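Chain letters run A, B, ... following the sequence lines, proteins first and then strands; every chain starts at 1. Note that the structure is a prediction, hence the values are computed from the model and not measured.
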Amino acid sequence: MPKSAPHHWLFKSEPEEFSFADLLAAPKKRTFWNGVRNYQARNLLRDDVKVGDLVLYYHSNAEPSGVVGVAEVVESAAPDPTQFEPGDYHEPRATHEAPVWMGVTIQALEPLPRTVALDELKASPKLAQMGVCQRGNRLSIQPVAPAEFAEVLRLAKRKPSAAADAS
DNA sequence: GCCAACGTTGGC
DNA sequence: GCCAACGTTGGC
């Protein structure tokens with residue numbers, strides 16, 4: 001059996017917390033994606049995010065918010081160590097035998113030629129179904145269709161004005 | 001800083 | 001199991 005094609009994802013991060021530039025500056029351009037504290041996102045990380053999958057790196061609460069880079073999953077799910085540590089991410093119910101929260105390790109591939117801002121994503125008819133374009137969608141780990149992934153990369157190579165002219 | 005949307009918690 | 005209260009996310 002051939003391996004299945006890589007899946008595509010969008011990971012949200014507040015740049016003040018951990019930006020794509022921070023990822024590029026990290027050792028081996030890698031980081032463990034810790035701090036996910038939502039069960040739906042946790043389940044995706046645990047069950048569906050695989051080594052070799054591609055990630056759109058999205059800056060939320062940014063100026064502007066949007067997709068800024070591409071990363072690759074290099075290690076599949078492992079227990080999030082911050083759940084065992086004191087602090088904001090501590091999880092009293094977690095034990096090493098039965099961890100509650102999981103994370104994956106990603107590695108930066110390339111920054112996009114320019115940020116594809118949220119309003120551009122919303123302006124593209126091909127991205128109408130994309131999770132991040134849906135009102136009220138707060139999920140920090142979202143599946144992305146292959147065609148959507150390609151469209152975001154295509155938008156990133158165009159001038160913003162050209163994107164606005166698209167019909 | 002505001003607030004809409006959504007998730008979680010806890011009383012009952 | 002219902003649902004009100006509360007907390008968080010994240011665009012604006």
Side-chain angles (χ1 to χ4, degrees), chain A residues 7-24 26 31-49 53-71 73 77-95 97-106 108 111-145 148-149 151-156 158-166:
Chain A
H7 290 175
H8 301 80
W9 305 96
L10 179 143
F11 283 22
K12 288 184 193 171
S13 182
E14 301 195 15
E16 289 192 11
E17 194 70 26
F18 195 84
S19 70
F20 192 73
D22 292 330
L23 182 62
L24 286 168
T31 194
F32 181 85
W33 201 257
N34 63 24
V36 171
R37 293 295 181 270
N38 169 283
Y39 286 104
Q40 192 178 349
R42 191 273 315 264
N43 293 346
L44 290 171
L45 289 172
R46 184 189 62 196
D47 302 332
D48 297 320
V49 179
D53 286 358
L54 297 173
V55 174
L56 295 175
Y57 199 108
Y58 179 90
H59 280 170
S60 59
N61 277 321
E63 196 52 56
S65 294
V67 180
V68 297
V70 178
V73 178
D80 180 347
T82 64
Q83 70 194 302
F84 306 118
E85 299 164 1
D88 290 345
Y89 292 139
H90 184 246
E91 172 54 73
R93 297 169 297 167
T95 65
E97 293 72 28
V100 178
W101 303 112
M102 308 288 284
V104 300
T105 300
I106 65 169
L112 295 186
R114 62 178 187 84
T115 298
V116 182
L118 180 58
D119 58 359
E120 282 184 73
L121 299 175
K122 288 181 173 175
S124 169
K126 293 179 180 175
L127 303 179
Q129 302 306 312
M130 200 173 175
V132 81
C133 295
Q134 307 308 312
R135 191 157 166 270
N137 190 327
R138 308 187 321 193
L139 198 59
S140 63
I141 305 290
Q142 301 183 2
V144 173
E148 292 168 344
F149 189 91
E151 175 68 2
V152 173
L153 298 190
R154 192 181 69 81
L155 290 173
R158 305 172 68 190
K159 298 292 182 192
S161 56
D165 291 341

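With the nearest nucleotide of DNA chain B identified for both A/R93 and A/G136, A/G136 has the one nearer the 5' end.
In this structure, A/E151 contributes its side chain and A/L127 its backbone to no donor-acceptor pair below 3.5 Å. A/E14 places no side-chain N or O within donor-acceptor distance of the main-chain N or O of A/E16, the cut-off being under 3.5 Å. Looking only at distances, no side-chain donor or acceptor of A/N34 sits under 3.5 Å from a matching main-chain atom of A/D80.
Note: A/F11 and A/Y57 fail the aromatic proximity criterion, with ring centroids not under 6.0 Å apart. Aromatic rings from A/W101 and A/F32 are positioned such that their centres are separated by 6.0 Å or more.
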Under 4.0 Å protein heavy-atom contact, by nucleotide of nucleotides 5-12 of chain C - B base, S sugar-phosphate only: --BBBBBS
